[in-house]
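Structure first, then comments.
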Amino acid sequence: MQEQVLPAELNEYQRKAVFNDSSACLVNANVGSGKTTVLTAKVKYLHEACGVNCEDMVVLTFTNKAAGEIRERLGAMRDQGELVQMRYFGTFHSVALQLLRERLPVQQLGYTPDFLVMDPEEELDMALHLIQDRKLQIKYRNRLKKRLEQEDEEAVPSENGREKLPSPPGRRIQDDMPVLLQAMKEEKRARNRMTFADLIRNTEALLAEVEWRPAWVIIDEVQDCDAWQLALVRRLLDKGARLFAVGDPNQVIYSWRGSACNVFYTLRTEYQATELSLPVNYRSSASILEAASVFSQYGSSLTGNRERGSKIVVKKHYDPFQEACYLADRIKGLQDSGISPGQIAVFYRLQNQSGVLEEVFAKEGIPFQVSVKHTLRDCPVQYWLLQVLRFSLSREDYPAGIYALSHKEYGERRNGKPITEKTAAAVLHGEKDLKLPLYERMLAFPECCPSLDSPQALYDYFSLDGYLHPTSASFQKDKERILAMLESLFRQQPSEGENLPDRLRSFLNDAVLYGLPEQETKEEDGRVKLMTLHASKGLEFSFCFIIGVNYGLIPLRTAGFEEEDEERRLFFVGMTRAKDFLELSYYTNPDNRVMPGESRFIRMIPPELIQEETADPAQENLQELRKMVRQEIEARQSRAEETLEADLPELPKEPSQPQPAGKEIIQPRTVIHRKYGPGTVIREDDAMMEIEFEGYGAKEFLKAFSAMEFVEE
DNA sequence: CTTGGCGTGATTTTT
DNA sequence: TCACGCCAAG
């Protein structure tokens, strides 16, 4: 009878997890093993078979995207209505907000329940203003954001009463940072605002003050928990809530920003959690899975259920530009054979690697989409209007008022010039009485609210047409965005007794937590996705290209062994995004301070799973020779400058034919290699030499270890 | 106010 | 490995 409420396609491991009735259960979910399916089934099982109320389940994710996915799947599974009414379902932050607003005594911390959430940029602004106003001495001002975050992490609560060692005072920078932190705390209270970190911390702190507890805590991607989130979860568990958590220790790629890498261990030991695993991967072909498993450290039981598939292609390119050109060609080829660009993804280690690809793809007419983080401030009009609304809600919100009035583009103007922040501040404090229509409207907003019942009404109320400059080129676009934004404000159905200010408040909070509706939704599906390896987590594509697999880039050049583990997991995550086809590529002549030649990671993959290819050997050799000539010329020039002596041999004539030019410059030396046979040295420095072998192409050797003999001419 | 010695971080990013 | 910022000496 239990089975009736579940989809038939659950495998035995998934069933075991769903039906497990221990009070704490950790599911070690391997890549592509159906973790979301299990989580969804568990929620449904608890609700429909075990009769747990939706309100008694706290379901936590880390990203809005994950929350959306689960919500969608729950929606698809349920046949009756109320499952969608889960009040405490969403990201840690959104659930914390919900709890703080309706269950927790925020007054105890000096807040009222209608507090607003601050985004990180605003937090930084607040800090900067405080520094200025109070003349605080803060070092490393450009790194202030980082320092604020760091302080947050250091203040992590002690676990289970065990005192946390105070960090040694010697290392700490001596400045007004403690004063600033205290001032921030007070300022946030005075302005009734909480940062992202505050949402979690305050929830954690206040949970102890109330009777309420959920029956179940269900966590997705539990390996991404940071110390504060873990503390919050502990609070719930210590009150008697039961735990069901799903995650994968092989996908810990965010430990650098605080994810407590041993959550599994912690929860297992502290709550005697039952550990189960989901070993069957449904996503990748056997070859891909086998190659990837070299980079997984836990859960050797990873098995696949798919056919062998094609080998992993390893490709050598001259440099990132050549590679981009090749990729453009390759993608065109795939498109011609009927594969949608939306099924193709290119992953790289660093954001700045996308530049070349963007240029080349744009020129070649390949539809692509780069995934970049966006903040509320990316769209100035929208951000400006948010500030207008904020100040309208509370005339005490000076930062918002000043921003709204003194904005260079959309703010108030006097004598054709935008008013200064100083002027705006003076107006807000009643020290100046300029007749600023926007200011008047914002002040009158609370009384006028009842008559404002549509997006257009709000738009007209603030006479936004005037502020958006009807003559400007961006007017139409700006107006569309603003109206779309106001529409989404009115679209959210008001809960009972909610008036416009209440709805506005939750709208502002939602904008910070979930972002605003994007305007550009032009067929995202039909485009090649370009993203960092980090951003690829949680996604899957039929064709994946991981580029720049050079030592120094993947793994990224850093000191320390612990970090390299994470680089390995990152590579693992990237590889396991591929369903059918995976290609890795590296450069012989990378741009910056990356080492030439393939990464050690490539050599770790069993050779029988790999098919090695060089994109275009002829072109590569040509490039190689050109570069050699250039280097030699540069070297001679600098030597000439140093010595000022003219007895150096003449530079070769214009190298119209690179072949003879190369021979003239470098003494041809011949070597015999054990494996490759006779070859010619084409480049050499203190430690390395590059040798051209007939039939094998150019190879690089470390002088100290090369197995070869020199042949005297 | 300038200079050199020293120490540290760089890269990845969600809410 | 490099670049940047701090800090103390001149």
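First the proteins, then the strands, lettered A, B, ... as listed; each starts at 1.
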What pairs with A:Arg577 under salt bridge (Lys or Arg N to Asp or Glu O under 4.0 Å), at least two apart in sequence or on another chain? none
Take the protein atom CE of A:Met531 and the nucleotide atom C1' of B:dT13, then report the distance between them rounded to whole Å. 14 Å
Does the cation-pi check pass for A:Arg568 over A:Phe571, that is, NZ or CZ under 6.0 Å from the six-membered ring centre and within 45° of its axis? no
Given the C1' atoms of C:dA3 and B:dT13, what is the spacing between them in whole Å? 23 Å
Spacing of A:Met118 atom CE relative to B:dT15 atom P, expressed in whole Å: 19 Å
Any residue in residues 94-104 of chain A with a heavy atom nearer than 4.0 angstrom to DNA chain B? Just list them by number, or reply none. none
Taking side-chain contact (heavy atoms from CB on, under 4.5 Å) as the definition, give me every residue that meets it alongside A:Lys65, ordered by chain and number, with sequence neighbours left out. A:Thr63, A:Leu539
Between A:Tyr88 and A:Glu55, is any side-chain donor less than 3.5 angstrom from a side-chain acceptor? no
Are there any protein N/O atoms within less than 3.5 Å of an N/O atom in nucleotides 9-12 of chain B, and if so, which ones and at what distance?
residue : atom : partner  : partner atom : Å
B:dA10  : OP1  : A:Lys146 : NZ           : 2.9
B:dT12  : OP1  : A:Gln351 : N            : 2.8
B:dT12  : O4'  : A:Arg349 : NH2          : 3.2
B:dT12  : O2   : A:Trp256 : NE1          : 2.9
B:dT12  : O2   : A:Arg349 : NH2          : 3.3
B:dT12  : O2   : A:His534 : NE2          : 3.3

Rounded to the Å, how far apart are A:Leu516 CG and B:dT15 P? 14 Å
Between C:dC7 and A:Lys139, is there an OP1 or OP2 to side-chain N/O distance shorter than 4.0 Å? yes
Regarding A:Ser33 and A:Arg283, do their side chains bring together a donor and an acceptor under 3.5 Å, going by distance alone? no
C:dC4, OP1 or OP2 - any side-chain N/O from A:Asn142 closer than 4.0 Å? no
Can you check the A:Tyr348 OH to B:dT13 P distance for me, whole Å? 9 Å
Just jot down the side-chain contact (heavy atoms from CB on, under 4.5 Å) partners of A:Glu122, sequence neighbours excluded, or say none. A:Met118, A:Asp119, A:Arg193, A:Arg377, A:Tyr383, A:Arg390
A:Leu136: partners by side-chain contact (heavy atoms from CB on, under 4.5 Å), with sequence neighbours left out: A:Ile131, A:Arg134, A:Ile138, A:Asp176, A:Val179, A:Leu180
Let me see the working for A:Asp198 and A:Arg189 under salt bridge (charged side-chain N to carboxylate O under 4.0 Å, His left out), right down to the final yes or no. CA-CA 11 Å; A:Asp198 292 333; A:Arg189 256 168 233 191; over 6 Å; no
Please confirm whether the shortest side-chain N or O distance from A:Asn64 to OP1 or OP2 of B:dT15 is below 4.0 Å. yes
